[in-house]
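When a ligand or atom number is given, it counts from 1 through the structure's own listing order. Residue numbers run from 1 in the order of the sequence given.
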Amino acid sequence: MEELDAYIRNIPDFPEPGIQFKDITPLLKEPKILELSIEELIYPFLNEKLTAIAGMEARGFIFGSLAAQKLGISFVPLRKPNKLPYNVESLSYDLEYGSATLEIHVDALGKNDRVLLIDDLIATGGTAAASCRLIEKLGAEIIGCAFLVELDFLNGRKKLSKYNIHSLIHY
Ligand code: AMP
């Protein structure tokens with residue numbers, strides 16, 4: 001995965017002091033590297049009979065859509081509040097400071113769906129854990145969660161201990 005690591009740019013103190021922001025835009029500029037990252041994200045789940053990929057706004061949309069396209073299955077967006085036009089299921093969760101909400105269309109998934117959740121990065125795991133709960137509210141099954149980057153020191157994995165977690169690059 002050293003090959004991918006070279007395309008993740010570290011931006012110190014963004015968006016606030018003390019945060020090391022992992023910028024994936026250099027990777028998006030390189031089609032072959034982007035393709036490699038998509039293949040690496042999905043390979044542990046190729047025999048899992050997935051029916052859908054779910055991705056979180058906004059960078060999860062990029063990797064999630066490409067993965068869904070590659071597998072020939074549905075892509076389902078998880079969005080910030082008041083963006084989805086149809087009826088939604090919604091879930092609020094705690095952040096380190098304050099809270100956030102994610103929404104999904106009520107008919108996006110159902111009890112026959114086997115879902116892989118994809119995002120660019122897992123930090124504290126709050127976003128991914130809330131996404132899994134939201135998907136399960138619709139009756140679908142989470143088969144796994146895949147991330148390009150995992151910030152190991154934040155222990156986000158602990159919040160997802162009942163799921164199969166797959167990350168390509170660890171910091
Ligand atoms: P968390 O809920 O703490 O796991 O945060 C994960 C979400 O926040 C993901 O959608 C990431 O894109 C974003 N995020 C959190 N920390 C960073 C970081 N250091 N660099 C880039 N994105 C981040």
Side-chain angles (χ1 to χ4, degrees), residues 1-30 33-34 36-38 40-42 44-45 52-68 75-84 88-105 108-109 115-137 142-171:
M1 287 305 97
E2 274 169 35
E3 202 175 350
L4 294 184
D5 178 54
Y7 296 89
I8 311 270
R9 176 166 58 182
N10 191 64
I11 312 280
D13 300 320
F14 182 89
E16 46 191 80
I19 304 286
Q20 304 285 328
F21 193 86
K22 303 298 179 194
D23 175 20
I24 49 88
T25 60
L27 189 146
L28 300 181
K29 285 170 72 180
E30 302 298 334
I33 303 295
L34 181 56
L36 173 69
S37 69
I38 299 300
E40 293 289 337
L41 280 170
I42 60 179
F45 308 100
I53 305 277
M56 299 85 120
E57 187 169 353
R59 290 179 296 272
F61 291 179
I62 302 171
F63 296 98
S65 305
L66 288 168
F75 175 73
V76 172
L78 294 155
R79 297 214 62 181
K80 291 170 184 162
N82 305 314
K83 300 282 187 187
L84 289 169
V88 296
E89 188 71 69
S90 114
L91 197 142
S92 297
Y93 58 100
D94 291 332
L95 298 174
E96 203 173 350
Y97 301 102
S99 70
T101 301
L102 278 174
E103 295 186 341
I104 190 169
H105 272 152
L109 295 164
V115 182
L116 175 63
L117 183 76
I118 291 186
D119 202 359
D120 68 327
L121 182 144
I122 176 168
T124 65
T127 308
S131 301
C132 289
R133 293 212 312 277
L134 201 46
I135 289 164
E136 287 170 342
K137 266 182 153 186
I142 301 285
I143 303 303
C145 305
F147 307 95
L148 219 66
V149 176
E150 178 168 356
L151 302 182
D152 292 342
F153 55 94
L154 291 174
N155 273 321
R157 215 169 245 273
K158 265 174 93 178
K159 289 202 182 80
L160 299 165
S161 55
K162 64 176 176 162
Y163 303 112
N164 183 1
I165 308 299
H166 171 57
S167 304
L168 306 189
I169 304 168
H170 296 259
Y171 294 107

- Query: Are the side chain of His166 and the backbone N or O of Glu40 linked by a donor-acceptor pair below 3.5 Å?
  - Reply: yes

- Residues pairing under ring-ring contact (aromatic ring centres under 6.0 Å, His included) where one sits in residues 142-161, two or more places apart or in two chains, turn out to be none

- salt bridge (Lys or Arg N to Asp or Glu O under 4.0 Å) partners for Lys80, two or more places apart: none

- Task: Give a yes or no on whether a salt bridge exists between Glu57 and Lys83, defined as a side-chain N under 4.0 angstrom from a carboxylate O.
- Result: no

- Check whether more than 12 heavy atoms from other residues, nucleotides or ligands sit under 6.0 Å from atom CD of Gln20, and answer yes or no. yes

- Please name all residues satisfying side chain to side chain contact (heavy atoms under 4.5 Å, CB included) with Ser90, sequence neighbours left out, ordered by chain then number. Thr101, Glu103

Pairs of nitrogen or oxygen atoms, one from ligand 1 and one from the protein, closer than 3.5 Å: please tabulate them with distances.
from	atom 1	to	atom 2	distance (Å)
ligand 1	2 (O)	Gly126	N	3.4
ligand 1	2 (O)	Thr127	N	2.8
ligand 1	2 (O)	Thr127	OG1	2.5
ligand 1	3 (O)	Thr124	N	2.8
ligand 1	3 (O)	Thr124	OG1	2.5
ligand 1	4 (O)	Ala123	N	2.9
ligand 1	4 (O)	Thr124	N	3.0
ligand 1	4 (O)	Gly125	N	2.7
ligand 1	10 (O)	Asp119	OD2	2.7
ligand 1	12 (O)	Arg59	NH2	2.7
ligand 1	12 (O)	Asp120	OD1	2.7
ligand 1	19 (N)	Gln20	O	3.0
ligand 1	20 (N)	Lys22	N	2.9
ligand 1	22 (N)	Arg59	NH2	3.2

